[in-house]
Number of protein chains: 2
Amino acid sequence: MGRKIPEATIRRLTHYLRCIEFIKEDGDKIVQSRDLATFCDISDSLVRRDLSYFGEFGTKGVGYPISKLEDHIKKILGLDKIKKTVLAGVGNMGRAILNFPFIKNGFQIVAAFDVKKALIGNKINNVPVFHIEDIKEIIKRHSVEIGIIAVPQKEAEEVANKMIDGGIRGILSFALLKCPLKKKVPIRYIEIAAELEILSYEIEKEG
Amino acid sequence: MGRKIPEATIRRLTHYLRCIEFIKEDGDKIVQSRDLATFCDISDSLVRRDLSYFGEFGTKGVGYPISKLEDHIKKILGLDKIKKTVLAGVGNMGRAILNFPFIKNGFQIVAAFDVKKALIGNKINNVPVFHIEDIKEIIKRHSVEIGIIAVPQKEAEEVANKMIDGGIRGILSFALLKCPLKKKVPIRYIEIAAELEILSYEIEKEG
DNA sequence: TAGATTGTTAATCGATTAACAATC
DNA sequence: TAGATTGTTAATCGATTAACAATC
């Protein structure tokens, strides 16, 4: 129960959740470290190590009660309360985001933003689209915690700073934010090109 | 110059490429490990360590010649030759993929696939759309190396196996492929929900 | 040459694994 | 109880860092 928790552990917690979602469909009540390990293609002792950072959730000789484990992992990840989210950029990627059922994961997209007049005032998958100029005020008014950036590269940094002005607490971005931002908040990236490049390396390596 | 190269090193090579793309605009001819380190927010010795796995590209007392370094990194990643790519799934995510300029990264999308009659026969961003039933044959005919899966979860595994039947060498998937596939090929995932969940954890941690 | 940065080694740090006592 | 799996510790493994010799 040390204090510093590896990021790899946090990522695996999300994979354990995915596993739990699948096996809940089978109606099972218990899951064992070996089940989670097989699903994630890792060792069972790593599963137990990961979970033990946060407490004792299992029963010796039996396993982990599924719904209790699920609740605990969600609590650890802060998913026990719905997180209000906004989306900047209503292009194809933005539309894809709006049509994913992220609410199942605990993320409610309360508003989307763009600069295109034709989009503003519409609703997409029940999410209203506003002009990007309003983003700061709407983040403030609704206490939005997470901002997703799906605008073109050259607008991304300005949008990030507008989100930060509004008091956003974390950013998920499809575009690289290379300048120093007004305030330090957690930022994560979706790097599709990088993943393709790593895949290319792995293919070449295989010969 | 050991043999086992950390995946983290490979990922950072892609970040070095991004850095090089930016600084090439400034017309510089030399980049130093410190420049790359600052861009990537890591230590300069890690940059040199990463590069030294693959040879000696720099000049002591001076730095790395930018275009030589770029060529070497691209070669390492297998990006010196254009990689033919197909896309399965022409929904919003698929369209977003088709409209990204991945050709700049060395990936040429030669065909897209879907099951919707209305889409088949069209071109999107100059990429022809075929019925998913044709994917195996087209992968074979064009020696396509990479497949991108952007279809709904429940169709993803079938599509993956069709790609493998065609002889695909690597897969980038937006959907989780949990079953054992017909043949082992490198698979990478874009996990948007997981990234949001990790972000949630980081936000909660900050208090 | 003097000043600089690379390439590399050894030391450090951190994450995973193996093993097993605890216990249901 | 006997059989099983968890939780945890110590050992191992691997990646990062600091430092500096090499050298442009």
Side-chain angles (χ1 to χ4, degrees), chain A residues 1-16 19-20 23 28-73 76 198 201-202 205, chain B residues 1-16 19-20 23 28-73 76 198 201-202 205:
Chain A
M1 212 182 281
R3 212 70 297 268
K4 193 62 190 341
I5 292 153
E7 175 174 326
T9 289
I10 303 304
R11 178 172 296 275
R12 284 190 298 265
L13 290 184
T14 74
H15 296 163
Y16 303 156
C19 178
I20 288 170
I23 61 184
D28 298 344
K29 295 276 176 277
I30 295 289
V31 64
Q32 296 176 345
S33 57
R34 192 193 311 145
D35 303 326
L36 292 162
T38 303
F39 185 91
C40 299
D41 203 20
I42 56 177
S43 73
D44 56 329
S45 70
L46 183 52
V47 172
R48 296 196 296 279
R49 189 84 188 76
D50 282 342
L51 296 175
S52 75
Y53 280 115
F54 305 98
E56 304 190 6
F57 309 133
T59 307
K60 288 184 173 70
V62 180
Y64 301 90
I66 291 184
S67 65
K68 185 182 162 198
L69 181 63
E70 183 181 21
D71 289 348
H72 271 109
I73 295 178
I76 293 162
I198 297 169
Y201 170 81
E202 291 175 346
K205 197 181 54 179
Chain B
M1 215 180 278
R3 210 70 296 266
K4 192 63 189 343
I5 292 153
E7 175 174 325
T9 290
I10 303 304
R11 178 172 295 276
R12 284 191 297 265
L13 290 185
T14 74
H15 296 163
Y16 302 156
C19 178
I20 288 169
I23 60 183
D28 297 345
K29 294 275 175 276
I30 295 291
V31 64
Q32 297 177 345
S33 56
R34 192 193 308 147
D35 303 327
L36 292 161
T38 303
F39 185 90
C40 300
D41 203 20
I42 57 177
S43 72
D44 55 331
S45 70
L46 184 52
V47 172
R48 295 196 297 277
R49 191 85 186 74
D50 283 340
L51 296 176
S52 75
Y53 281 114
F54 306 97
E56 304 189 6
F57 309 133
T59 307
K60 290 185 173 71
V62 180
Y64 301 91
I66 291 184
S67 65
K68 186 182 163 198
L69 182 63
E70 183 181 22
D71 289 348
H72 272 109
I73 294 177
I76 293 163
I198 297 169
Y201 170 80
E202 291 175 346
K205 196 181 54 177

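Residue numbering restarts at 1 for every chain, and letters A, B, ... go by the order of the sequence lines.
- In this model, the phosphate group of D:dT17 is approached by a side-chain N or O of B:S43 to a distance below 4.0 Å at OP1 or OP2.
- Smallest separation of non-hydrogen atoms from B:I76 and A:Y201: O-CD1, 3.3 Å.
- A distance of 4.0 Å separates CZ of A:R12 from CG of A:L46, quoted to the nearest 0.5 Å.
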Practice task
Carefully, step by step, assess A:K205 and B:I5 under the rule side-chain contact (heavy atoms from CB on, under 4.5 Å).
Solution key: CA-CA 11 Å; A:K205 197 181 54 179; B:I5 292 153; over 6 Å; no
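- Heavy-atom minimum distance, B:Q32 versus B:G63: CG-CA, 4.2 Å.
- Between A:K4 atom NZ and C:dA15 atom C1' there is a gap of 11 Å when expressed in whole angstrom units.
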Problem - CA sep, side-chain torsions, deciding dist, call: B:D50, B:Y16, side-chain contact (heavy atoms from CB on, under 4.5 Å) - result: CA-CA 10 Å; B:D50 283 340; B:Y16 302 156; 2.6 Å; yes
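- Within the 4.0 Å cut-off from OP1 or OP2 of D:dT5, at least one side-chain nitrogen or oxygen of A:R34 is found.
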Completion exercise
The dot-bracket string of DNA chain C, counting Watson-Crick and G-U wobble pairs with both distances under 3.5 Å, using [ ] for crossing pairs and | for pairs to another strand, is ..||||||||||||||||||||||
Practice task
Any chance you could list the contact pattern along nucleotides 19-24 of chain D? Use B for base contacts, S for sugar-phosphate-only contacts and - for none, protein heavy atoms under 4.0 Å, 5' to 3'.
Solution key: B--BBB
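- Which of D:dT8, C:dT16, C:dT9 sits closest to the side chain of A:L46 comes down to C:dT16.
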Practice task
For the pair A:I73 and A:I20, evaluate side-chain contact (heavy atoms from CB on, under 4.5 Å) and give the outcome as yes or no after the intermediate values.
Solution key: CA-CA 10 Å; A:I73 295 178; A:I20 288 170; 4.2 Å; yes
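- Atoms CG and CG, on B:D44 and B:L36 in that order, are 10.0 Å from each other to the nearest 0.5 Å.
- With contacts defined as side-chain heavy-atom distances shorter than 4.5 Å, the pair A:D28/A:D35 does not qualify.
- The CG-P distance, from B:D44 to C:dT6, rounds to 8 Å in whole Å.
- Distance, A:I66 CD1 to D:dT6 P: 12 Å, rounded to whole Å.
- The nearest whole Å value for the distance from the CD atom in B:Q32 to the P atom in C:dG7 is 12 Å.
- One can place OH of B:Y53 at 11 Å from P of D:dG14, the figure rounded to the nearest angstrom.
- Candidate nucleotides D:dG7, D:dT9, C:dG7 were compared by shortest atom distance to the side chain of B:Y64, and C:dG7 ranks first.
- Of the options A:E70, A:H72, A:R48, a side-chain contact (heavy atoms from CB on, under 4.5 Å) to A:Y64 is made by A:R48 and by none of the others.
- Remark: B:R49 is positioned above the aromatic ring of B:Y53, its terminal NZ or CZ atom under 6.0 angstrom from the ring centre and at most 45 degrees off the axis.
- Atom-to-atom, CD1 of A:I30 to P of D:dT5 comes out at 12 Å; the value is rounded to the nearest Å.
- To the nearest angstrom, P of C:dT16 lies 7 Å from CG of A:D50.
- Less than 4.0 Å separates DNA chain D from at least one heavy atom of each of the following residues of residues 6-13 of chain B: B:P6, B:A8, B:R12.
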Exercise for the section: List the steps and the verdict of side-chain contact (heavy atoms from CB on, under 4.5 Å) for B:L13 and B:L51. Expected result: CA-CA 8 Å; B:L13 290 185; B:L51 296 176; 4.1 Å; yes
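- If you take CZ of A:R49 and C1' of C:dG14, they are 11 Å apart, rounded to a whole angstrom.
- Counting heavy atoms of neighbouring residues, nucleotides and ligands inside a 6.0 Å radius, atom NZ of B:K29 does not exceed 12 of them.
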